[in-house]
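All remarks here apply to the structure that follows.
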Amino acid sequence: MSELVARTGRHQQRYRDGFRLVAGCIPFKYRGPGEEVVEVLMINSTSGPGLLFPKGGWEDDETDKEAALREAYEEAGVRGDLVDLIGHYEFKSKTLQDEESPEGWCKAVMFALLVKEELQSWPEQNTRHRTWLTIPEAIECCRHPWMRQALEQGFSKRHTGVVEVGICKSSSK
């Protein structure tokens, strides 16, 4: 059995040109009789309202892909295959400024993760709740504009299907 502990701290954090480097993913699955509907997995923010995709610091001992897979496991409790590079995004963190990035600027690399396994136990299960949404629902509920851009302009152009319009809903872990 694997250890259910999330990495913490900044001692192995990667920085480049004053930017904290971040890796994340948009976890997704197909559903419906012909698997024609695409759903994405979002998690709650621990620092305010709205939903987001798993992402976090890219550390010195891992590749960007390994960091994205680790964040999906730690924050959302899912495992799967990275199938596409969605893109690179710059944003300013409102909560995470430090010596290496005093302004809080981050550069994120985002991937599409085809979910193969949804775990019952994961490191951040006590603070994170998972929610499966259609793409229109996820666009409506997405907390960060840069993540919305990754979903609308990066992910949905590659992973389209029949979309359902709905409202932002929440489900249990």
Side-chain angles (χ1 to χ4, degrees), residues 4-10 12-15 19-29 38-59 62 64 66-80 82 86-98 100-113 115 117-156 159 165-173:
L4 295 179
V5 177
R7 286 187 177 194
T8 58
R10 296 282 170 90
Q12 289 187 288
Q13 179 64 62
R14 288 182 190 239
Y15 293 86
F19 286 84
R20 177 175 174 245
L21 301 183
V22 172
C25 63
I26 297 179
F28 74 100
K29 68 181 179 181
V38 177
E39 289 186 324
V40 296
L41 181 68
M42 299 188 81
I43 55 175
N44 65 297
S45 169
T46 59
S47 62
L51 298 175
L52 45 88
F53 297 109
K55 62 105 180 102
W58 171 12
E59 298 187 355
E62 59 191 356
D64 55 356
E66 290 169 337
L69 290 168
R70 176 178 51 77
E71 291 296 335
Y73 164 69
E74 289 178 356
E75 294 186 349
V78 292
R79 290 198 172 117
L82 296 177
I86 295 171
H88 295 85
Y89 304 88
E90 292 183 7
F91 65 95
K92 188 171 183 177
S93 173
K94 293 179 181 168
T95 57
L96 299 173
Q97 292 90 23
D98 57 28
E100 300 288 333
S101 181
E103 301 290 319
W105 283 103
C106 300
K107 284 187 181 180
V109 58
M110 293 292 286
F111 297 94
L113 174 78
V115 173
E117 184 179 13
E118 195 169 343
L119 304 168
Q120 296 303 308
S121 297
W122 70 96
E124 297 185 21
Q125 69 184 20
N126 292 328
T127 57
R128 301 282 190 182
H129 299 276
R130 314 183 274 216
T131 304
W132 285 102
L133 302 164
T134 62
I135 291 173
E137 290 170 335
I139 290 167
E140 180 183 334
C141 299
C142 194
R143 177 179 178 161
H144 300 300
W146 73 270
M147 284 189 176
R148 191 174 311 111
Q149 179 185 4
L151 179 61
E152 287 181 297
Q153 297 173 9
F155 179 85
S156 62
H159 303 277
V165 177
I167 58 167
C168 187
K169 63 183 180 226
S170 185
S171 68
S172 63
K173 299 179 218 175

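Numbers here simply count residues along the sequence, with the first being 1.
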For the atom pair CZ (F19) and CD (E90), what is the distance rounded to the nearest 0.5 Å? 4.0 Å
Could you report the tightest heavy-atom contact between A138 and M42, atom names first, then the distance? CB-SD, 3.6 Å
Rounded to the nearest 0.5 Å, the SG atom of C25 sits from the CG atom of L69 at a distance of 7.0 Å
Sidechain-backbone polar pair: R14 side chain, E59 backbone, donor-acceptor under 3.5 Å: yes
To check you understand the geometry: which heavy-atom pair defines the closest contact between P27 and W132, and what is its length? O-CZ3, 4.2 Å
Specify the closest pair of heavy atoms between I26 and F155, including all atoms of both residues, with the distance to one decimal. CD1-CB, 3.8 Å
Strictly distance-based, threshold 3.5 Å: is any side-chain N or O of W146 a donor or acceptor partner for the main-chain N or O of A150? no
Non-hydrogen atoms of Q13 and L21 that approach each other most closely: NE2-O, 2.9 Å
Exercise: identify the closest heavy-atom pair between A68 and F111: CB-CD1, 3.7 Å
Checking K55 against E71 for the side chain to side chain contact (heavy atoms under 4.5 Å, CB included) test, could you report, in this order, the C-alpha distance in whole Å, the side-chain angles of both residues, the deciding distance, and whether it holds? CA-CA 6 Å; K55 62 105 180 102; E71 291 296 335; 5.6 Å; no
Kindly compute the distance separating CG (N44) from CD (E75), expressed to the nearest 0.5 Å. 9.5 Å
In this structure, CD1 of I43 is separated from CD of Q125 (nearest 0.5 Å) by 13.5 Å
Rounded to the nearest 0.5 Å, the OG atom of S93 sits from the NE2 atom of H144 at a distance of 8.0 Å
Check: A76 main-chain N/O paired with R130 side-chain donor or acceptor under 3.5 Å: yes
Measuring from R143:CZ to F53:CZ, what's the distance to the nearest 0.5 Å? 14.0 Å
Taking NZ, NE, NH1 and NH2 as the nitrogens, is one of them in E152 or R148 under 4.0 Å from a carboxylate oxygen of the other? no
If you compare all heavy atoms of T134 against all heavy atoms of E137, which two are closest, and at what distance to 0.1 Å? N-OE1, 2.8 Å
